[in-house]
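Notes for the one structure printed next.
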Amino acid sequence: MEFSSRARLRHARLAGDRREQYPHSLQFYLEPPVESISLVEFESFAVDRLKLLKVVENLGVNHVRGTDVYKAKLEVELRKLKFPYRALAEGDYEARRKDHISHFILRLAYCQSEDLRRWFLQQEMDLFRYRFNELTENLMQKFLEHVNLSFEAIGEDLKNELANELSTSTPGFTLAKVKEQTFYKVGLADAVDLFRARKVFIKDGFAFVPFKEIDVIVLSNYRTKLSKALALTARSLPSIQSDERLQPLLNHLSHSYLGPDYSIQKNTGKISLEQIDTLSVKSFPLCMRQLHRALRDSHHLRHGGRMQYGLFLKGIGLTLEQALEFWKKEFIRGKVDADKFDKGYAYSIRHSYGKEGKRTDYTPYSCMKIIMSNPPSQGDYHGCPFRHSDPELLKQKLQSYKISPSGITQVLELVKGMHCQLACQKFFELTHDVDDIGFSLNHPNQYFTESQKLLNGGRELKKEFNNSGNFQQKNNSQESINSSSTPTSSNEKADTELEGLEAYFTED
Ligand code: SF4
């Protein structure tokens with residue numbers, strides 16, 4: 001009896017201790033996790049949160065935040081990825097733990113540049129806003145107390161005394177509504193956003209905030225904390241970068257792409273060289289259409305362009321022989337003679353098909369890789385036009401593609417908000433005359449596949465890209481974790497090697 005009761009006690013205490021870390025389904029993520037986790041869990045948590053944040057980004061652009069559709073879609077995703085989704089859920093310890101740990105992993109991955117920090121902050125804020133507003137009033141109060149943000153609710157006497165002022169200074173509040181709602185007395189420093197927007201009554205250095213606006217204060221507090229934390233984390237980057245296991249993985253995450261890698265071309269050989277001009281207009285994303293045009297016009301592309309475009313063409317199904325013929329025909333129309341091509345450029349093309357050197361079979365670049373690495377300089381045509389083009393030039397280009405003025409405005413708005421891939425999705429919708437693209441764009445070859453599917457009634461996709469080279473699927477073991485970080489680094493190494501070879505054989 002004694003033994004079993006001691007055992008029961010020990011068990012209860014252990015479980016209690018762990019659960020105490022997460023008294024609420026919502027967190028401000030103030031304390032980093034201290035437990036040890038396996039690399040497998042580390043990666044799978046990070047990938048799931050990244051998927052979630054990408055959905056948050058997509059929903060934020062395609063739907064009005066806080067609407068029923070927005071909320072319903074986000075809840076589906078939270079459920080699917082096993083993050084906390086119901087405010088009152090009791091047994092969601094695992095989900096809370098995943099939420100906590102995954103936030104901190106992405107914080108590490110996304111503190112590395114200003115752009116990454118901004119993106120991460122925006123998505124985390126949107127996610128937090130949704131989750132906070134899903135809490136019941138009682139849970140909100142508890143959460144606010146927990147994060148030391150409890151505000152003093154004003155008593156009925158004071159509320160009656162200030163009723164007229166509260167009603168006139170709080171938009172949408174009639175006298176009757178003032179009577180219904182709880183108002184909080186908040187220090188001005190905490191209510192700056194509401195004060196600026198003239199949404200609250202101010203008296204004696206305090207803002208009188210109705211309950212329905214309390215999220216603005218909580219969010220502004222969260223934003224301040226998270227941006228400071230990101231800046232601090234960025235300062236500790238040198239020590240993270242020296243960790244050989246972690247750094248490639250974090251780099252991979254911040255540039256990550258979660259879909260098929262288009263390394264297996266079921267469509268190989270099914271596209272003829274004569275089709276490329278037409279396909280470039282109908283089904284190439286803007287980045288590849290731009291490269292194709294530049295190649296046709298100047299009969300040359302510099303290294304970055306050859307890599308980006310060459311691998312894309314490989315991904316849509318060009319065989320090595322076709323690629324050699326395609327590039328040679330074009331280059332010898334310019335300043336390169338056949339002999340020079342065969343000695344230099346041909347080698348690098350064979351190399352990119354895994355037929356030379358270390359025989360690495362290079363995969364086409366994802367949007368994140370194109371957007372985040374190797375920005376184009378003068379005379380380059382690679383990169384992502386939604387990220388790297390001057391907005392005025394982009395506008396002219398869109399006009400030349402006969403995009404409607406309202407369509408151009410929508411694309412440019414997204415570009416302004418740094419939503420390059422969403423701008424590209426919008427471009428897809430406008431050029432394919434569909435209202436909703438129906439997928440989340442992450443890869444130029446995905447753009448091509450989806451376009452062909454749409455234009456050919458789904459036939460191309462089945463033939464073409466039935467591969468499952470999914471980042472997550474590839475990495476469900478310890479070994480594969482290591483290999484998941486290796487592709488990035490080995491690709492980078494191989495890129496460097498290829499560049500070295502090119503420098504040896506050819507000028508740019
Ligand atoms: Fe290309 Fe991706 Fe940019 Fe679209 S978003 S233009 S597919 S890099």
Side-chain angles (χ1 to χ4, degrees), residues 50 53-54 57-58 61-62 115-116 119 254-262 276 279-295 301 304-316 362-376 380-391 393-401 403 407-408 410-432 434 436-455 461 464-465 471 491 495:
L50 195 51
L53 295 189
K54 297 241 174 200
E57 182 190 25
N58 250 314
V61 171
N62 294 321
D115 282 349
L116 292 173
W119 184 86
S254 60
H255 291 57
S256 91
Y257 159 66
L258 310 170
D261 64 10
Y262 299 95
I276 294 182
L279 287 172
S280 75
V281 176
K282 284 183 172 175
S283 290
F284 282 14
L286 204 48
C287 52
M288 302 304 169
R289 192 167 168 179
Q290 170 174 288
L291 282 164
H292 184 74
R293 194 64 266 145
L295 176 64
L301 281 180
R306 292 198 299 275
M307 288 299 288
Q308 183 176 318
Y309 190 38
L311 290 172
F312 169 78
L313 290 176
K314 179 183 169 193
I316 69 169
Y362 290 87
T363 54
Y365 293 171
S366 70
C367 292
M368 278 308 263
K369 183 167 169 82
I370 295 172
I371 290 167
M372 301 305 294
S373 49
N374 188 23
D380 282 332
Y381 291 92
H382 67 269
C384 170
F386 298 109
R387 172 57 201 264
H388 299 119
S389 286
D390 173 79
L393 284 179
L394 178 61
K395 185 176 172 185
Q396 286 169 16
K397 193 167 284 174
L398 296 173
Q399 280 166 341
S400 74
Y401 293 159
I403 306 292
I408 294 178
Q410 291 177 59
V411 171
L412 293 179
E413 270 305 305
L414 289 165
V415 168
K416 207 163 121 195
M418 303 285 287
H419 303 296
C420 314
Q421 287 155 262
L422 296 176
C424 189
Q425 281 184 202
K426 181 52 72 184
F427 178 74
F428 184 106
E429 287 165 8
L430 294 163
T431 48
H432 291 74
V434 287
D436 184 354
I437 187 171
F439 62 92
S440 175
L441 178 77
N442 288 303
H443 203 295
N445 288 80
Q446 179 195 17
Y447 185 108
F448 176 80
T449 310
E450 292 294 338
S451 167
Q452 283 292 290
K453 185 164 80 166
L454 202 70
L455 300 175
L461 185 74
E464 210 177 332
F465 297 115
F471 180 68
N491 272 356
D495 282 356

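Index from 1, following the sequence. We count ligands from 1, going down the list as the structure has it; atoms in each ligand are counted the same way.
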What protein N/O/S atoms are found closer than 2.8 Å to atom 2 (Fe) of ligand 1? C367 SG
Check: M288 main-chain N/O paired with H292 side-chain donor or acceptor under 3.5 Å: no
List for me each residue that meets side-chain contact (heavy atoms from CB on, under 4.5 Å) alongside L430, sequence neighbours excluded, and say none if there are none. I403, V411, K426
I'd like to check the side-chain contact (heavy atoms from CB on, under 4.5 Å) partners of S389; sequence neighbours left out, ordered by chain and number. Q290, P385, L394
For Y447, which of F284, F312, F386, F428 qualifies under ring-ring contact (aromatic ring centres under 6.0 Å, His included)? F428
When you check the gap from the basic side-chain N to the acidic O, do E57 and K54 get nearer than 4.0 Å? no
Just jot down the salt bridge (Lys or Arg N to Asp or Glu O under 4.0 Å) partners of R387, sequence neighbours excluded, or say none. D115
